[in-house]
Protein chains: 2
Amino acid sequence: MTDTIIDRCEAKGLRMTGQRRVIAQVMEDAKDHPDAEEIYARATTIDAAISLATVYRTVKLFDEIGILERLEFGDGRSRFEDADRPHHDHLFDLRTGEVIEFVDPEMEILQEKIARKLGYTLKGHKMELFGVPLDKDSDA
Amino acid sequence: MTDTIIDRCEAKGLRMTGQRRVIAQVMEDAKDHPDAEEIYARATTIDAAISLATVYRTVKLFDEIGILERLEFGDGRSRFEDADRPHHDHLFDLRTGEVIEFVDPEMEILQEKIARKLGYTLKGHKMELFGVPLDKDSDA
DNA sequence: GTACCTGCAAACTTTTTGCTACCGA
DNA sequence: TCGGTAGCAAAAAGTTTGCAGGTAC
């Protein structure tokens with residue numbers, strides 16, 4: 001659990017190229033939910049010799065083997081986060097695109113209960129709430 | 001509440017062209033969540049003189065004025081449904097792309113409570129659960 | 001009559017992929 | 001060594017848009 005992303009890649013037997021190490025480090029350091037373009041921007045500040053195609057290939061690979069988690073909020077871009085973090089849900093601000101993380105034990109239980117009732121098992125980012133700010137100008 | 005989509009378009013003062021009437025009728029009849037391509041396919045069986053661009057423009061317009069609701073499950077396509085229906089949430093089958101509707105009163109309350117606590121108001125399709133089927137071969 | 005709408009094709013955005021050269025184990 | 005990997009550019013897939021002609025009101 002205290003392993004870094006690079007440690008986990010090695011444990012999975014991935015060939016660790018310079019590019020993969022850089023992308024892994026960028027995601028290790030990320031405290032937010034960057035999309036491919038943003039990961040690319042951060043990666044190239046460490047090593048300019050990384051292409052956007054490699055970022056796409058790498059985050060796809062990392063997602064498939066469970067190193068990263070892909071988040072989709074319906075704005076056309078995938079965002080990514082370290083998959084090895086305590087469970088949490090996300091609220092997506094439709095106005096600004098900001099992602100707010102939260103944990104609610106009641107919600108955890110209810111999600112599972114509803115999914116079970118429908119014959120499903122939840123997977124990945126279990127829930128997304130789409131919200132607009134509670135301000136007086138809100139059209140919500 | 002018993003108004004048709006066409007009625008609501010007229011009430012909003014929209015210019016009702018033949019194409020808009022057809023698309024409105026397609027959505028009125030839809031019991032599922034068609035994407036633009038599917039709406040286009042259904043529309044052209046009624047009137048072949050409708051272009052995909054018009055479908056895109058029309059569903060975008062209808063969404064913006066609250067006639068239709070846009071659903072996004074992260075598979076790259078937007079799906080649409082009549083916005084004037086009792087509230088419900090969606091579960092999206094990651095394996096098949098199927099959309100399952102459900103209503104849970106506890107969930108309704110909890111959603112609002114969590115959003116409020118975070119300083120938000122929920123809007124649109126409030127919650128999406130992403131699930132995989134509960135079978136023994138499941139990798140969930 | 002006029003502002004709005006449509007079809008067509010081109011443009012755009014995000015993501016994937018074919019190909020050739022390269023590099024890690 | 002040699003199969004997986006990277007860069008580049010082209011392709012995909014979904015959606016939007018500029019323009020010229022057409023239509024609802």
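Lettering of chains follows the sequences in order, A, B, ..., and the numbering in each one begins at 1.
Nearest nucleotide to the side chain of B:Tyr56, out of D:dT16, D:dG18, C:dT14: D:dT16. With distances taken from any side-chain atom of B:Ser51 to the nucleotides D:dA6, C:dC8, C:dT17, the minimum falls on C:dC8. If you check C:dC23, D:dA6, C:dT16 against the side chain of A:Arg20, the one that comes closest is D:dA6. When distances run from any side-chain atom of B:Ser78 to the nucleotides D:dT15, D:dG18, C:dT17, the shortest one goes to D:dT15. Comparing D:dT15, C:dG24, D:dT17 by their nearest atom to the side chain of B:Ala53 picks out D:dT17. Checking C:dT15, C:dT6, D:dA6 against the side-chain heavy atoms of A:Arg77 singles out C:dT15 as nearest.
Separating the CG atom of B:Leu61 from the P atom of D:dT16 is a distance of 12 Å, rounded to the nearest angstrom. For the pair B:Met16 CE and C:dC4 C1', the computed distance is 14 Å after rounding to whole Å. Between the CD atom of A:Glu72 and the P atom of D:dG14 there is a distance of 14 Å, given to the nearest Å. When the P atom of D:dA6 is taken as reference, atom CD1 of A:Ile50 falls 9 Å away, rounded to whole Å. When the C1' atom of D:dC25 is taken as reference, atom CZ of B:Arg21 falls 12 Å away, rounded to whole Å. Rounded to a whole Å, the CG atom of B:Asp47 is 14 Å from the C1' atom of D:dT23. Across the protein-nucleic acid pair, A:Arg57 atom CZ and D:dA11 atom C1' stand 14 Å apart, rounded to whole Å. Per the geometry, CD belonging to A:Glu37 stands 13 Å off P belonging to C:dT16, to the nearest Å.
By the 30° and 60° cut-offs, the orientation of the rings of B:Phe73 relative to B:Phe92 is parallel.
Dashed line: the shortest gap from a side-chain N or O of B:Thr17 to OP1 or OP2 of C:dC4 is not under 4.0 Å. Between B:Lys60 and D:dT15 there is no side-chain N or O to OP1 or OP2 distance below 4.0 Å. Of the side-chain N and O atoms in A:Gln19, none sit less than 4.0 angstrom from OP1 or OP2 of C:dC23.
The distance from atom CD of A:Glu81 to atom NE2 of A:His90, rounded to the nearest 0.5 Å, is 4.0 Å.
Residues B:Asp75 and B:Leu14 each lie close to DNA chain D; by heavy-atom proximity, the contact nearer the 5' end of the strand is made by B:Asp75.
Side-chain to base pairing of B:Arg15 with C:dC4: one donor and one acceptor N or O lie within less than 3.5 Å of each other.
Judged by distance alone, with hydrogens and angles left aside, the side-chain atoms of B:Asp7 form a donor-acceptor pair with the main-chain N or O of B:Thr4 at under 3.5 Å.
B:Tyr40 and B:Val22 end up in the same hydrophobic cluster when Ile, Leu, Val, Met, Phe, Trp and Tyr side chains are linked at under 4.5 Å.
Nearest approach of B:Phe80 to B:Met27, heavy atoms of both residues: O-CE, 3.3 Å.
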